[in-house]
Amino acid sequence: MAKKEFRFKVGPKKVGFRNQRTVYVARPYCASKIDKDSLYDYVKESSGVQKEKVVRVMDALITQFEQLMMNGHTIHLGDFGTFKISFSSTSKDTPDGFTDKDIKNPRIIFTPDIRLRKKVKESLFFTEMKDGGDSDAWSEE
């Protein structure tokens, strides 16, 4: 398998007590964000299926994801990975008395499958994106 270039940018990050120290870290360079319509076009081109059918199927897939996950299901997409809802909660000394107010930060977790992680690890090489390239503002995360 041929290696694929993946670009990164280096920028400042505040760390330490009250963010008093600046260090520099590498972050993935984002060439662009792909919207739904563009994704539909990519799927159409790679599958040969009419765009209208791609749109209906992918919109139905998104709807089913939402409904299934809201009903407590974990969704495993084979070699791609797994989606599930997670959250944190306060801790108590006994299992009694938990309420919804104890649940914090609900979120969706995506865990890539081991085969996908291995493919990414084995197939990328990294190149720094110097200033003056495509627009990708450095963001503090």
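Fair warning: this is a prediction, and the values are worked out from it, not measured in the lab. The chain is numbered in sequence order, starting from 1.
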Phe65: what forms a ring pair (Phe, Tyr, Trp, His ring centres under 6.0 Å) with it, not counting sequence neighbours?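 Ring pair (Phe, Tyr, Trp, His ring centres under 6.0 Å) check on Phe65 returns Phe83.
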Same apolar cluster: [X] and [Y], side chain cutoff 4.5 Å:
{"X": "Val54", "Y": "Val57", "value": "no"}
{"X": "Leu77", "Y": "Leu61", "value": "yes"}
{"X": "Val49", "Y": "Tyr42", "value": "yes"}
{"X": "Val120", "Y": "Phe126", "value": "yes"}

Is any side-chain heavy atom of Met58 less than 4.5 Å from a side-chain heavy atom of Tyr40?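 A side-chain contact exists here, since the closest heavy-atom pair is under 4.5 Å.
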Ile85 vs Met70 side-chain heavy atoms within contact, under 4.5 Å: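 Result yes, sub-4.5 Å side-chain heavy-atom pair found.
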With sequence neighbours left out, what residues match Asp37 under salt bridge (charged side-chain N to carboxylate O under 4.0 Å, His left out)?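 By the salt bridge (charged side-chain N to carboxylate O under 4.0 Å, His left out) rule, Asp37 matches Lys51.
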Can you sort out the partners of [X] under side-chain hydrogen bond (donor to acceptor under 3.5 Å, both in side chains), two or more places apart, ordered by chain and number?
{"X": "His76", "answer": "Thr82"}
{"X": "Glu128", "answer": "Lys130"}
{"X": "Thr63", "answer": "none"}
{"X": "Thr127", "answer": "Glu5"}

Please report the interatomic distance CG(Asn105) to CZ(Phe87), rounded to the nearest 0.5 Å.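 It is 11.0 Å, given to the nearest 0.5 Å.
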Once rounded to the nearest 0.5 Å, what's the spacing between atom OG of Ser89 and atom CD1 of Ile103?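 Ser89 atom OG to Ile103 atom CD1 measures 5.0 Å (nearest 0.5 Å).
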Any idea which heavy atoms bring Glu122 and Lys3 closest together, and the distance?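 Scanning both residues, the minimum pair turns out to be O-NZ, 2.9 Å.
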At their closest point, which heavy atom of Arg7 faces which heavy atom of Met129, and how far apart are they?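 Taking every non-hydrogen atom into account, NH1-SD, 3.4 Å.
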Can you confirm whether more than 12 heavy atoms, excluding those of Ile34, are under 6.0 Å from its CD1 atom?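 Counting neighbours around CD1 of Ile34, more than 12 heavy atoms of other residues, nucleotides or ligands fall under 6.0 Å, so yes.
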Got a sec: does the OH of Tyr24 have more than 12 other heavy atoms crowding it under 6.0 Å?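 At most 12 heavy atoms, drawn from other residues, nucleotides or ligands, come within 6.0 Å of this atom.
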The criterion is side-chain contact (heavy atoms from CB on, under 4.5 Å); which residues satisfy it with Lys104, sequence neighbours excluded?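 Partners of Lys104 by the side-chain contact (heavy atoms from CB on, under 4.5 Å) criterion, ordered by chain and then number, come out as Ser88, Thr90.
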Identify, with sequence neighbours excluded, every residue that meets side-chain contact (heavy atoms from CB on, under 4.5 Å) alongside Lys4.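 Expected list: Leu124.
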Backbone of Val43 reached by a side-chain donor or acceptor of Ser47 within 3.5 Å: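 A pair under 3.5 Å: yes.
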Can you pull the side chain to side chain donor-acceptor pair (under 3.5 Å) pairs that have at least one residue in residues 111-120, sequence neighbours excluded?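 Every side chain to side chain donor-acceptor pair (under 3.5 Å) pair that includes a residue of residues 111-120, provided the two are not neighbours, is Asp79-Arg115.
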Ser38 and Asp41 side chains, donor-acceptor separation under 3.5 Å: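 No donor-acceptor contact under 3.5 Å links the two side chains.
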Could you tell me whether Phe80 and Phe110 have their ring centroids closer than 6.0 angstrom?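 Yes, the ring of Phe80 comes within the 6.0 Å limit of the ring of Phe110, centre to centre.
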With sequence neighbours excluded, give me every salt bridge (Lys or Arg N to Asp or Glu O under 4.0 Å) pair touching residues 84-93.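 Every pair satisfying salt bridge (Lys or Arg N to Asp or Glu O under 4.0 Å) with a residue in residues 84-93: Lys92-Asp102.
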Would you list the pairs meeting salt bridge (Lys or Arg N to Asp or Glu O under 4.0 Å) in which at least one residue belongs to residues 52-76, sequence neighbours left out?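 Only Lys36-Asp59 qualify under salt bridge (Lys or Arg N to Asp or Glu O under 4.0 Å).
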Between side-chain atoms of residues 15-22 and protein atoms elsewhere (two or more places apart, or another chain), which donor-acceptor pairs fall under 3.5 Å?
{"unit_1": "Thr22", "atom_1": "OG1", "unit_2": "Lys14", "atom_2": "NZ", "d": "3.1"}

